[in-house]
> 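Below you will find the structure I want to go over with you.
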Amino acid sequence: MSLRKSLISLRVSAILQSLLMLAQAALAGGFLGGHFDMLRMHGLLGRAIVVVAVLMAVAAFLVRRAGGPRSVLPASVVVLLALIGQMMLGLNRSVAAHVLLGVILVSAVAVLSQRAMTTPLPPAGAARPVRESAVETELVP
């Protein structure tokens with residue numbers, strides 16, 4: 001996959017992740033405010049957020065593989081692992097830790113989305129960049 005297509009897929013997944021995280025925060029606030037029916041929707045949305053995080057990690061891997069910035073792959077993997085931990089905290093009803101990690105995750109996803117959105121897209125039809133390690137050099141006498 002080209003760097004351009006990989007970056008576009010990363011951007012789409014980052015925007016979707018950001019929107020889902022905002023909705024998740026609203027549902028959590030509603031639940032904590034006494035609307036207890038929002039807890040079920042919060043749980044369902046949490047599972048969807050983990051699925052989107054997997055897609056974002058795959059997109060970040062493709063970006064890195066195509067020669068894009070290195071920082072998005074480890075950041076997206078950390079977000080994915082933290083989201084899995086967040087889901088476990090929620091299922092165990094560890095509310096204080098769950099809320100704290102949720103705030104941290106919203107911030108992390110915002111930073112990751114900012115990185116994805118500000119990475120310049122190569123022009124359409126641009127050749128794939130060649131990595132230095134893949135270039136074979138020949139010594140000419």
Side-chain angles (χ1 to χ4, degrees), residues 1-33 35-141:
M1 182 178 273
S2 71
L3 179 57
R4 182 177 177 82
K5 288 180 183 178
S6 300
L7 275 170
I8 290 171
S9 65
L10 180 64
R11 287 179 177 189
V12 168
S13 61
I15 290 170
L16 180 58
Q17 186 74 301
S18 296
L19 293 173
L20 292 176
M21 294 291 278
L22 288 173
Q24 189 71 319
L27 289 172
F31 170 71
L32 294 174
H35 302 280
F36 301 113
D37 56 329
M38 291 188 169
L39 181 61
R40 187 169 95 49
M41 290 186 293
H42 182 77
L44 292 173
L45 188 56
R47 288 169 179 82
I49 286 172
V50 171
V51 170
V52 173
V54 169
L55 296 175
M56 190 163 53
V58 169
F61 171 77
L62 293 173
V63 165
R64 180 64 200 119
R65 185 171 177 225
R70 294 179 182 192
S71 63
V72 293
L73 180 56
S76 64
V77 171
V78 168
V79 165
L80 174 60
L81 294 174
L83 281 168
I84 292 169
Q86 175 73 337
M87 206 163 75
M88 287 186 229
L89 288 171
L91 291 172
N92 289 327
R93 306 285 192 243
S94 301
V95 177
H98 185 72
V99 170
L100 176 62
L101 185 55
V103 170
I104 293 168
L105 277 165
V106 168
S107 301
V109 168
V111 170
L112 185 56
S113 297
Q114 183 270 339
R115 284 184 187 170
M117 298 306 290
T118 58
T119 300
L121 279 178
R128 182 177 173 177
V130 178
R131 293 189 189 148
E132 290 180 30
S133 62
V135 176
E136 294 182 23
T137 57
E138 294 181 24
L139 296 176
V140 179

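Quick note: numbers below take in every heavy atom, side chains included, and nothing from hydrogens, waters or symmetry partners.
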> Can you give me the closest heavy-atom contact between L105 and V79, atom names plus distance?
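The answer is CD2-O, 4.0 Å.
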> I need the minimum non-hydrogen distance between G85 and L101, along with the two atoms involved.
C-CD2, 4.3 Å
> In the structure I gave you, are the side-chain heavy atoms of V12 and L16 within less than 4.5 Å of one another anywhere?
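With C-beta onward as the side chain, the pair stays apart.
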> Would you indicate whether the side-chain heavy atoms of R115 and S71 approach each other to under 4.5 Å?
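Yes, side chains in contact.
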> State, to 0.1 Å, how close P69 and V72 come at their nearest heavy-atom pair, and which atoms those are.
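Nearest pair, atom of P69 first, then V72: O-CG2, 3.6 Å.
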> Does R40 form a side-chain contact (heavy atoms from CB on, under 4.5 Å) with L44? I'd like the steps, not just the answer.
CA-CA 6 Å; R40 187 169 95 49; L44 292 173; 3.0 Å; yes
> Looking at residues at least two apart in the chain, or sitting in another chain, which of them share a side chain to side chain donor-acceptor pair (under 3.5 Å) with S113?
S18
> Ignoring hydrogens, what is the shortest heavy-atom contact between S76 and A57? Give both atom names and the distance.
OG-CA, 3.6 Å
> Would you call L121 and R11 a side-chain contact if the rule is heavy atoms closer than 4.5 Å?
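In contact.
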> Measuring only between side-chain heavy atoms, which start at C-beta, is L7 closer than 4.5 Å to P122?
yes
> Can you tell me how far CG of L83 sits from CD of Q17, rounded to the nearest 0.5 angstrom?
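Here the interatomic distance stands at 6.0 Å.
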> Does the pair L112 and M56 meet the rule for a side-chain contact (heavy atoms from CB on, under 4.5 Å), with working shown?
CA-CA 10 Å; L112 185 56; M56 190 163 53; 3.6 Å; yes
> Do you know which two heavy atoms are closest between S13 and V52, and how far apart they sit?
O-CG1, 3.8 Å
> Show the numbers, then the answer: is there a side-chain contact (heavy atoms from CB on, under 4.5 Å) between L20 and L45?
CA-CA 7 Å; L20 292 176; L45 188 56; 3.5 Å; yes
> So, do M21 and I49 sit near enough that their side-chain heavy atoms are less than 4.5 Å apart?
yes
> Tell me, with the steps shown, if V50 and Q86 meet side-chain contact (heavy atoms from CB on, under 4.5 Å).
CA-CA 10 Å; V50 171; Q86 175 73 337; over 6 Å; no
> Show the nearest heavy-atom pair for residues F31 and L39, with the distance to one decimal.
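Closest heavy-atom pair between F31 and L39: CD1-CB, 3.6 Å.
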